[in-house]
Amino acid sequence: MKKALAAATLALLAAAAAHAEQFATRYAGTVANSDIPDVTNGQPYYVTLVFDNGGNTVLNQSWSVSQLTCVIWEMAGGTIVYAQDLAAHPSEGAGTFTTGANGYPTSVFSTVSTTHYANYSATSPITGNAGWVANGTNPVFGYQPTPSVDLGFHDADGGVQMAANRWGPPQQFSGIGNGQCAAPAAPPPTPAPTPVPTLGHGALALLAGALGVAGFTRRRQRG
């Protein structure tokens, strides 16, 4: 019985160790030439790429563009978020993302971009067709609130930089939007304050008179 229990425990531990994990790397850039509301020049913005190669470690790993599962763009201090499920709507690109024995990037993709402009989730004001590209060229992000209007921004360094030292070491990714690759839902509107009933001038005069009569009566009773 004890041997069987020990064997089962070891099997569970082995299964847990073999469980595949999603990992995410993050890029920090600086906004330039923006015409998106609330996304101002000089602000930081962030791009997170999520990938899954079936492994459970970031040490000495390699991920291809086809193994990207999610991209997240955060702007305006994180109040504006764009997310695209790349497992459901694959991106296009080239190169590989690799890490060394310490888990830090040794190479990154040379280019990654979307081909599915309507398949994403985002917070306001992003709406309509939206696109992005990470390949060292500008512009880097844009959308069309109407077919005749294009809004977006550039990266102050000339585009999302695809150098290994510009991307953070991959970290385990737990998801956004309730664990999914989706922008967080907008908070519910703040309820309007309930107005406090007020008395008109006539009612106030009657109330003042009633209070005066009550006071006079109490004085008569004490006397």
Side-chain angles (χ1 to χ4, degrees), residues 22 24-51 65 68-93 108-163 165-168 171 173-195:
Q22 291 191 94
T25 181
R26 199 178 194 213
Y27 168 85
T30 302
V31 173
N33 298 342
S34 175
D35 46 23
I36 299 178
D38 296 324
V39 179
T40 59
N41 297 338
Q43 280 184 340
Y45 76 94
Y46 302 93
V47 183
T48 299
L49 291 174
V50 184
F51 29 60
V65 172
L68 286 167
T69 61
C70 180
V71 64
I72 304 163
W73 289 69
E74 300 169 80
M75 300 152 265
T79 60
I80 299 176
V81 179
Y82 165 102
Q84 189 170 35
D85 185 341
L86 300 181
H89 307 289
S91 60
E92 64 178 11
V108 300
F109 309 112
S110 57
T111 180
V112 186
S113 62
T114 185
T115 58
H116 299 270
Y117 303 107
N119 301 109
Y120 66 88
S121 62
T123 56
S124 180
I126 300 170
T127 186
N129 287 332
W132 54 271
V133 62
N135 66 356
T137 64
N138 277 319
V140 296
F141 184 89
Y143 68 101
Q144 292 181 310
T146 66
S148 59
V149 175
D150 293 289
L151 302 176
F153 68 90
H154 291 198
D155 183 291
D157 287 337
V160 176
Q161 299 299 297
M162 309 307 284
N165 63 354
R166 294 298 301 271
W167 291 80
Q171 305 288 325
F173 179 73
S174 58
I176 61 173
N178 295 322
Q180 306 300 315
C181 180
T190 303
T194 303

Query raised in the report: What do the steps show when you test Met75 against Ile126 for side-chain contact (heavy atoms from CB on, under 4.5 Å), and what is the final call?
Result: CA-CA 11 Å; Met75 300 152 265; Ile126 300 170; 3.8 Å; yes
Query raised in the report: Between Ser121 and Ala182, which heavy-atom pair has the shortest distance, and what is it?
Result: OG-CA, 3.2 Å
Report summary line: The reported gap from OG1 in Thr25 to CZ in Arg166 (rounded to nearest 0.5 angstrom) is 12.0 Å
Report summary line: d(Arg26 CZ, Ile72 CD1) to nearest 0.5 Å is 9.0 Å
Requested in this report: Look at the side chain of Asp35 and the backbone N and O of Phe153, then say whether any donor-acceptor pair between them is shorter than 3.5 Å.
Outcome: no
**Report entry** Contacts of type side-chain contact (heavy atoms from CB on, under 4.5 Å), residue Thr146, not counting sequence neighbours
**Finding:** Ser148, Val149
Report summary line: Sequence neighbours excluded, the answer for side-chain contact (heavy atoms from CB on, under 4.5 Å) partners of Ala88 is Asp85
Query raised in the report: Taking the side chain from Thr69 and the backbone from Ala87, do they hold a donor-acceptor pair closer than 3.5 Å?
Result: no
Report task. Could I get the full list of side-chain hydrogen bond (donor to acceptor under 3.5 Å, both in side chains) partners for Asp38, not counting sequence neighbours? Result -> none
Return all side-chain donor-acceptor pairs below 3.5 angstrom for residues 128-136, not counting sequence neighbours, or 'none' if the list is empty.
| residue | atom | partner | partner atom | Å |
| --- | --- | --- | --- | --- |
| Trp132 | NE1 | Tyr82 | OH | 3.4 |
| Trp132 | NE1 | Gln84 | OE1 | 2.9 |
| Asn135 | OD1 | Thr137 | N | 3.1 |
| Asn135 | OD1 | Thr137 | OG1 | 2.6 |

Report task. With sequence neighbours left out, write down each residue that passes side-chain contact (heavy atoms from CB on, under 4.5 Å) with Pro125, or none if nothing qualifies. Result -> Ile36, Pro37, Ile80, Tyr143
Query raised in the report: What do the steps show when you test Trp73 against Val140 for side-chain contact (heavy atoms from CB on, under 4.5 Å), and what is the final call?
Result: CA-CA 10 Å; Trp73 289 69; Val140 296; 4.0 Å; yes
Requested in this report: Give the intermediate values and the outcome of side-chain contact (heavy atoms from CB on, under 4.5 Å) for residues Phe109 and Leu68.
Outcome: CA-CA 11 Å; Phe109 309 112; Leu68 286 167; 3.9 Å; yes
Side-chain atoms of residues 42-51: list all donor-acceptor pairs with protein atoms under 3.5 Å, sequence neighbours left out, distances to 0.1 Å.
| residue | atom | partner | partner atom | Å |
| --- | --- | --- | --- | --- |
| Gln43 | OE1 | Thr40 | N | 3.1 |
| Gln43 | NE2 | Thr40 | OG1 | 3.3 |
| Tyr45 | OH | Asp155 | OD2 | 2.6 |

Requested in this report: Applying side-chain contact (heavy atoms from CB on, under 4.5 Å), run through Gln161 and Trp167 and close with a yes or a no.
Outcome: CA-CA 9 Å; Gln161 299 299 297; Trp167 291 80; 5.8 Å; no
Report summary line: d(Asn138 CG, His154 NE2) to nearest 0.5 Å is 5.0 Å
Requested in this report: Heavy atoms only: give me the nearest Val65-Ser91 pair and the separation to one decimal.
Outcome: CG1-OG, 3.8 Å
Report summary line: Taking every heavy atom of Ala83 against every heavy atom of Ala183, the minimum-distance pair comes out as CB-N, 3.6 Å
Query raised in the report: Where the side chain of Ser34 meets the backbone of Val39, is there a donor-acceptor pair that is under 3.5 Å apart?
Result: yes
